[in-house]
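Scroll down for the structure; my scribbles are underneath it.
Below, chains carry the letters A, B, ... as their sequence lines are ordered, and counting in each starts from 1.
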Number of protein chains: 2
Amino acid sequence: MSSRRRTEAQTQLLDLLRRESTALSHDDISAKLPTDINRVTIYRILNRFVADGLAHRIVADDGRQYFASCADGCAHDTAAHGHLHFRCLVCDRVECLPEQVAFSLPEGYRVENYNVTLSGTCNSCSALAEAN
Amino acid sequence: MSSRRRTEAQTQLLDLLRRESTALSHDDISAKLPTDINRVTIYRILNRFVADGLAHRIVADDGRQYFASCADGCAHDTAAHGHLHFRCLVCDRVECLPEQVAFSLPEGYRVENYNVTLSGTCNSCSALAEAN
DNA sequence: AAATTTATAGCAACAATGTTGCATTAACGA
DNA sequence: TCGTTAATGCAACATTGTTGCTATAAATTT
Ligand SMILES: [Zn+2]
Ligand SMILES: [Zn+2]
Ligand SMILES: [Zn+2]
Ligand SMILES: [Zn+2]
């Protein structure tokens, strides 16, 4: 395998993902990056991060990709990404939740990727709603 | 609410969804329909079916929408769609599996939609692989 | 049966998201 | 310092799904 090079763009992107507590869409990332990085470059860096196990990709129920750092407690094997994702329909944020999903699967199925996304109202948004 | 009208296009589409054992993408549907129906019309009919509880929408981890009839045993409330979906990376089919997913959610989260998709190799494709 | 109403269909154009090809730049090792 | 090639940036494209508008036709009323 060809080895990776340390570039400014990648450093910024990885720092961003690690700093954020929620999973980020491409748009989120573009908006939050300190420097302008080309659209395509961002996509390519993200794909590389996923391939290298630095981040994982969530395809949410809005059909868009979100990316989250794999740093904390989420080991790089597939099964570790079986954790839950929650997309809030109010604040439009996607969170990685630590809870694992349990299920049984009929004989003969071999799982390679997990993509579990619930959507609804997140805890902070329901708290806000209660307050009114 | 304005009442629905019985049209040829809708009948064909609903028949197709009910006849099929797997969830269908737009392309699948286009290809399998006995008559040519306009792209946009298909999308609109599908959205109506989902709104009316005749079908449910799955957003798979390829970012595309798949549709399955709600006829058999899948009641029309949200929770009933908590069943598992499996997308086979070999034969590219999406199945509704009857098994429910179990998970716990932190306090304060309110779920409106479930979207659980595993991907990998389905039972028939792994059987074929074994045979070789 | 004819006229009326309006849900549905069809066409064109658009929007959003992500990828590929290719030339240029720059990281890194020799 | 030089050469190799990974990474970037630009343009163009691909795919998937939606919206606006007009035409058609299903259902209801006259
Ligand atoms: Zn929220
Ligand atoms: Zn996650
Ligand atoms: Zn298969
Ligand atoms: Zn299903």
Side-chain angles (χ1 to χ4, degrees), chain A residues 1-17 23-52 54-68 87 89 92 94 113 115 117 119, chain B residues 1-17 23-52 54-68 87 92-94 113 115 117 119:
Chain A
M1 186 179 96
S2 54
S3 66
R4 304 298 188 200
R5 291 176 183 178
R6 181 186 195 87
T7 68
E8 185 56 23
Q10 295 185 95
T11 307
Q12 281 187 18
L13 232 160
L14 191 54
D15 283 354
L16 174 60
L17 288 183
L24 300 181
S25 68
H26 176 90
D27 267 0
D28 297 334
I29 290 172
S30 259
K32 297 197 172 193
L33 276 175
T35 315
D36 263 16
I37 300 178
N38 182 272
R39 267 171 43 77
V40 178
T41 302
I42 295 180
Y43 277 113
R44 286 204 262 231
I45 290 178
L46 290 169
N47 286 337
R48 246 176 279 147
F49 283 175
V50 172
D52 293 353
L54 293 171
H56 63 286
R57 182 199 323 267
I58 304 121
V59 180
D61 56 354
D62 59 356
R64 300 196 301 156
Q65 306 185 352
Y66 292 81
F67 296 87
R87 182 170 72 96
L89 302 172
D92 199 41
V94 173
N113 308 294
N115 206 81
T117 309
S119 53
Chain B
M1 186 179 96
S2 56
S3 65
R4 303 298 188 202
R5 290 177 183 177
R6 182 186 194 85
T7 67
E8 185 57 22
Q10 296 186 92
T11 308
Q12 280 187 19
L13 231 160
L14 191 54
D15 284 354
L16 174 60
L17 288 183
L24 300 182
S25 68
H26 176 91
D27 267 0
D28 297 333
I29 291 172
S30 259
K32 296 196 173 194
L33 276 174
T35 314
D36 261 17
I37 300 179
N38 182 272
R39 267 170 43 77
V40 177
T41 301
I42 295 180
Y43 277 114
R44 285 206 261 234
I45 291 178
L46 290 169
N47 287 338
R48 246 177 277 147
F49 282 176
V50 172
D52 294 352
L54 293 171
H56 64 286
R57 182 200 323 269
I58 304 121
V59 179
D61 56 354
D62 58 356
R64 301 195 301 156
Q65 306 185 353
Y66 291 81
F67 296 88
R87 183 169 72 95
D92 198 41
R93 285 184 307 181
V94 173
N113 308 294
N115 207 82
T117 308
S119 53

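- For the pair Gln10(B) (side chain) and Phe49(B) (backbone), a donor-acceptor distance under 3.5 Å is absent.
- Atom CG of Leu46(A) and atom P of dT17(C) are 14 Å apart (whole Å).
- At whole-Å resolution of the value, CD in Glu8(A) and P in dA27(C) are 9 Å apart.
- Counting heavy atoms from C-beta outward, His26(B) and Arg39(B) have side chains that approach closer than 4.5 Å.
- Look at Tyr43(A) and you'll find a side-chain N or O under 4.0 angstrom from OP1 or OP2 of dG18(C).
- Note on Asn38(B): a side-chain N or O is less than 4.0 Å away from OP1 or OP2 of dC11(C).
- The distance from atom CZ of Arg4(A) to atom C1' of dG29(C) is 18 Å, rounded to the nearest whole Å.
- Proximity of Arg87(A) to Asp61(A): side-chain heavy atoms (C-beta onward) are separated by under 4.5 Å at one or more points.
- Across all strands shown, Thr41(B) has heavy atoms under 4.0 Å from base atoms, whether or not it also approaches the sugar-phosphate.
- Judged by closest nucleotide on DNA chain C, Asp36(B) is the one of Asp36(B) and Arg39(B) placed further toward the 5' end.
- The listed nucleotides are dT19(C), dA9(C), dT19(D); the one nearest the side chain of Val40(B) is dT19(D).
- Put simply, CD1 on Ile45(A) is 15 Å from C1' on dG18(C), counting in whole angstrom units.
- For Arg44(A) and dG21(C), a side-chain-to-base donor-acceptor distance below 3.5 Å is present, hydrogens and geometry of angles not being considered.
- Taking atom CZ of Phe49(B) as the reference point, atom P of dT8(C) lies 10 Å away to the nearest angstrom.
- On a pure distance criterion of 3.5 Å, a polar donor-acceptor pair joins the side chain of Arg5(B) and the base of dT6(C).
- Taking atom CG of residue Asp62(B) and atom C1' of nucleotide dA14(D), one finds them 15 Å apart after rounding to whole Å.
- Between Arg6(B) and dA27(D), a side-chain N or O to OP1/OP2 separation shorter than 4.0 Å is absent.
- In this structure, Arg48(A) reaches the sugar-phosphate backbone alone: every heavy-atom distance under 4.0 Å involves primed, P, OP1 or OP2 atoms, never a base.
- Looking at heavy atoms from C-beta onward, Val59(A) lies out of side-chain contact with Thr117(B) at the 4.5 angstrom threshold.
- The CZ-P distance, from Arg64(A) to dA15(C), rounds to 17 Å in whole Å.
- In this structure, Asn47(A) atom CG and dG18(C) atom C1' are separated by 9 Å, rounded to whole Å.
- A sub-4.0 Å separation between OP1 or OP2 of dA9(C) and a side-chain N or O of Thr7(B) is present.
- You'll find the side chain of Ile42(B) reaches within 4.5 Å of the side chain of Leu33(B), heavy atoms only.
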